[in-house]
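Everything below concerns the one structure shown next.
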Amino acid sequence: MSDMITADLVDLDLSADTKEAAARALAERMVSLGRVTDLEGFLADVAAREAQMPTGLDGGIGIPHCRSEHVTEPTLAFGRSAAGIDFGAPDGPADLIFLIAAPAGADDAHLTILSSLARQLMNAEFTDALRSVGDAAGAAALIRGDAPAADAEGAGASEGAAEGAKSAVSAPAGASADSVAASGAASADAATGNTAPAPGGASAPAPGATGAAGATSGASGASGEGERPFRIVAVTSCPTGIAHTYMAAESLENAGREAGVELVVETQGSAGFTRLDPAVIAAADGVIFAHDVPVREKDRFVGKPTVDVGVKAGINRPAELIGEVRGKAARGEVTAAARPGGGTPVERAGEAGEGYGTKLRKWLMSGVSYMVPFVAAGGLLIALGFAIGGWKIDKAQPVIEHFDWTQTQSWGALMFQIGVAAFGFLVPVLAGYIAYGMADRPGLVPGFVGGAISLTIGAGFLGGLVAGLIAGGVVLGIQRINIPPVLRGVMPVVVIPLVGSAVVGFLMFVVIGKPIAEAQKGLTDWLNSLSGTNAILLGVLLGLMMCFDLGGPVNKVAYTFATSGISVAAPSDSAMKIMAAVMAAGMVPPLGMALATFVRRKLFTPAERENGKAAVVLGASFISEGAIPFAAADPLRVIPASMAGGAVTGALTMAFGSTLRAPHGGVWVTLLIGKPILYLLAIAAGTAVTAGLVILLKGMRKTTPEGAPLVESPAATAAEAKQPVAA
């Protein structure tokens with residue numbers, strides 16, 4: 001395997017003054033070596049990752065990173081800044097910047113190599129050596145581990161630390177991910193003198209897990225002679241799963257050694273994860289979750305004192321987390337383990353302190369997220385059927401009875417009937433995965449059964465929502481019953497599906513199904529009756545919702561409302577108008593921001609101007625998230641401007657009477673849109689409104705009341721870029 005970093009990928013005099021400029025300078029080195037094929041596309045991926053969470057760490061480190069289809073091989077570029085660059089770290093600017101580029105399809109070994117390198121960044125001797133090394137070749141060699149850190153100019157890092165980096169970066173291409181991880185962890189332990197046995201005499205952690213154990217009896221917080229030390233298991237994870245996941249693990253392990261506790265970490269990164277030995281978990285006195293994505297198989301840890309925080313807390317304040325979990329253990333505060341099964345899924349859902357309103361939204365979004373692919377596949381197939389076979393294709397005979405390979409009508413009928421079959425799953429999938437979000441896998445069967453019954457009785461989309469919630473609630477109720485141990489094995493595969501399906505079926509058929517069906521019919525009749533001012537007002541409301549949070553929950557509610565109307569073989573004209581308004585409004589924010597960057601370039605940063613180019617394609621494809629980088633940097637101007645443009649587009653689309661059968665596709669399904677010229681005109685009008693308003697608002701910020709130009713400092717620009725996305 002070629003080296004991840006060479007002297008050509010090192011800049012010891014990085015002159016950039018913003019994180020965007022730093023990423024560009026280092027990425028250009030990758031492009032020159034053929035490691036990155038598309039500079040702007042790669043930088044857009046880096047910016048998207050940065051928008052999720054700042055990548056600055058305490059200790060003067062910045063680690064912009066991403067996985068991108070524009071990367072040909074795992075690559076690391078390093079820059080050293082004399083002035084420091086703001087990457088959002090609590091303790092100030094970063095002077096050591098590592099740009100990590102991983103291919104979108106990188107194998108486990110490559111990802112583990114990058115992850116092992118990330119762990120090295122938590123080694124103070126390693127970073128001190130990088131600050132004092134005198135030439136690019138020496139820095140690259142130090143990072144690769146080709147030479148001991150002590151050989152770097154002015155450096156005092158140990159040879160063991162350098163060898164740990166070498167095992168991480170220079171492993172053979174055929175090495176497995178687990179073997180590389182184990183080698184890197186072992187080298188890191190050797191560098192710090194950690195040679196203690198696995199916790200409690202239990203079997204050593206599997207290769208995918210990393211451990212720090214057995215501090216000396218004289219360490220702070222250690223138990224007295226003859227007593228075992230306090231034991232902690234931890235799980236770390238981050239959105240990309242390359243850097244923060246492993247840095248948090250390293251930081252927690254180091255703090256564990258200093259505190260005299262046995263601490264073992266399970267890293268749930270991009271290269272997958274190897275579960276901690278159940279015996280190690282059982283012997284643990286406490287649990288730390290340091291994560292920004294859901295912990296996988298979280299129920300393994302119930303019944304323990306638990307601290308649940310973001311991944312950066314694991315990096316920045318590990319000693320505090322260890323102290324907190326020890327305090328909880330002393331007070332007897334544990335997760336709900338008294339109930340059979342280790343706590344209900346309601347107690348496992350979401351984060352600590354979330355109310356049922358927040359959990360309800362997550363449960364509903366769980367069902368919607370699983371339903372949307374069926375909507376997209378079925379809707380586009382049905383739309384293709386109409387495009388190929390004409391508007392009477394829904395009357396064609398079944399293709400199983402007649403199919404002529406040479407007739408377009410047969411192909412149109414085939415597309416239409418496959419799409420109708422896909423649509424048949426919408427309500428059952430919605431209900432099933434709402435129940436799944438509430439009660440985990442035991443909720444699937446009652447949920448799917450309730451959704452199917454909803455279709456049978458004509459309760460439709462509303463019935464599916466109710467059936468899913470009922471199914472989840474029934475299963476949660478069953479799980480609260482104290483079951484004899486001998487029956488627990490058959491509960492999830494026999495008892496819960498049987499009893500849950502029977503209860504949900506009874507309620508849907510006999511008790512609440514008919515009222516819901518009447519409500520669904522009333523809603524459909526109301527939509528069909530909309531015309532004139534009422535239809536335009538509905539278009540305004542849908543446009544505002546689509547642009548409020550750019551792909552968030554409010555956006556999804558409007559989109560689900562629209563797709564539920566067309567998720568039948570013969571949707572009404574009103575339902576197709578609503579779908580047209582929703583898709584048109586959702587295209588406006590990225591298109592409007594792209595237009596603004598072209599019209600008034602000076603109002604936007606270089607990174608935003610590059611994002612504007614990508615936003616053209618994203619907006620044209622109905623991907624509202626293309627405007628998120630702009631909203632993240634300036635929500636108080638971008639969000640209102642986007643909502644104004646979306647409202648205009650929604651109103652005009654409803655006023656023009658444009659229709660749409662496909663639930664997705666943007667301008668690429670224009671031929672399937674009723675009154676396409678007017679439809680595109682509505683999108684153009686909304687785009688112009690958004691661009692004009694955001695230019696006006698940003699222009700007001702750029703000038704003083706007297707009209708004199710106001711030049712913003714790089715620090716102000718960087719600070720503004722850290723504003724969160726509006727919700």
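- Between F403 and W411, the ring-plane angle classifies as perpendicular under the 30° and 60° cut-offs.
- Below 30°, between 30° and 60°, or above 60°: for F622 and Y559 the angle between ring planes is between 30° and 60°, a tilted geometry.
- The CE atom of M643 sits 10.0 Å away from the CE atom of M545 when rounded to the nearest 0.5 Å.
- Atom CD1 of I683 sits about 11.5 Å away from atom CG of L678, to the nearest 0.5 Å.
- No side-chain heavy atom of S658 sits less than 4.5 Å from a side-chain heavy atom of P676.
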Please assess F630 against T597 for the test side-chain contact (heavy atoms from CB on, under 4.5 Å), listing each intermediate value before the final yes or no.
CA-CA 10 Å; F630 300 95; T597 62; 3.8 Å; yes
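- The shortest distance between side-chain heavy atoms of V616 and F598 falls below 4.5 Å.
- Side chains of T670 and L680 form a contact here, defined as non-hydrogen atoms less than 4.5 Å apart.
- Remark: the backbone N or O of R35 is paired with a side-chain donor or acceptor of T72 at under 3.5 angstrom.
- For E610, the salt bridge (charged side-chain N to carboxylate O under 4.0 Å, His left out) partners two or more places apart in sequence, or in a different chain, are R24, K613.
- Two residues are said to be in side-chain contact when any heavy atoms from C-beta on lie closer than 4.5 Å; F509 and I453 meet this criterion.
- Counted within 6.0 Å of CD on E69, heavy atoms from surrounding residues, nucleotides or ligands total 12 or fewer; the atom is thus considered open.
- T653 approaches A584 most closely through the heavy-atom pair OG1-CB, 3.8 Å.
- Rounding to the nearest 0.5 Å places CD1 of I512 at 5.5 Å from CG of L507.
- For Q417 (side chain) and Q397 (main-chain N/O), a donor-acceptor pair under 3.5 Å exists by modelled atom type.
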Derivation of the side-chain contact (heavy atoms from CB on, under 4.5 Å) call for L652 and L681:
CA-CA 9 Å; L652 290 177; L681 178 62; over 6 Å; no
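- For the side chain to side chain contact (heavy atoms under 4.5 Å, CB included) with F448, the qualifying choice from S501, P428, P497 is P428, the only one to do so.
- T649 places a side-chain N or O within 3.5 Å of a backbone atom of A682 that can act as its donor or acceptor partner.
- E50 CD to L43 CG: the interatomic distance, rounded to the nearest 0.5 Å, is 12.0 Å.
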What's the verdict on salt bridge (charged side-chain N to carboxylate O under 4.0 Å, His left out) for R49 and D45, showing C-alpha distance, side-chain angles and the deciding distance?
CA-CA 6 Å; R49 168 62 186 86; D45 292 336; over 6 Å; no
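- Here the CG-NZ distance, from L542 to K577, works out to 14.0 Å after rounding to the nearest 0.5 Å.
- Of the possible polar contacts, none joining the T690 side chain to the P589 backbone as a donor-acceptor pair under 3.5 Å is found.
- Using a 4.5 Å heavy-atom threshold, the side chains of V474 and I470 count as touching.
- When all heavy atoms of A691 and G592 are compared, the pair lying nearest together is CB-O, 3.4 Å.
- For the pair Y679 (side chain) and A580 (backbone), a donor-acceptor distance under 3.5 Å is present.
- Minimum heavy-atom separation, G646 to C547: CA-SG, 3.6 Å.
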Begin with the C-alpha distance, continue with both residues' side-chain angles, and end with the deciding distance and a verdict on side-chain contact (heavy atoms from CB on, under 4.5 Å) for I695 and V599.
CA-CA 9 Å; I695 287 172; V599 174; 3.9 Å; yes
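- Rounding to the nearest 0.5 Å gives a distance of 9.5 Å between OG of S624 and CG of L591.
- Put simply, the side chain of T406 never gets that close to the backbone of D404: no donor and acceptor are under 3.5 Å apart.
- Summarising the local packing, CZ of R609 is surrounded by more than 12 heavy atoms from other residues, nucleotides or ligands at distances under 6.0 Å.
- In this structure the side chain of T75 never reaches within 4.5 angstrom of the side chain of V36, judged on heavy atoms.
- The two residues A459 and G513 have their closest heavy-atom pair at CB-O, 4.2 Å.
- Heavy-atom minimum distance, A594 versus G612: CB-O, 3.2 Å.
- Inter-residue side-chain proximity for T456 and M508 is flagged as unmet; no heavy-atom pair is nearer than 4.5 Å.
- Looking at L469 and M438, their side chains come closer than 4.5 Å, going by heavy atoms from C-beta outward.
- Within 6.0 Å of the CZ atom in F656, the count of heavy atoms belonging to other residues, nucleotides or ligands exceeds 12.
- Nearest heavy atoms, G543 versus A585: CA-CB, 3.6 Å.
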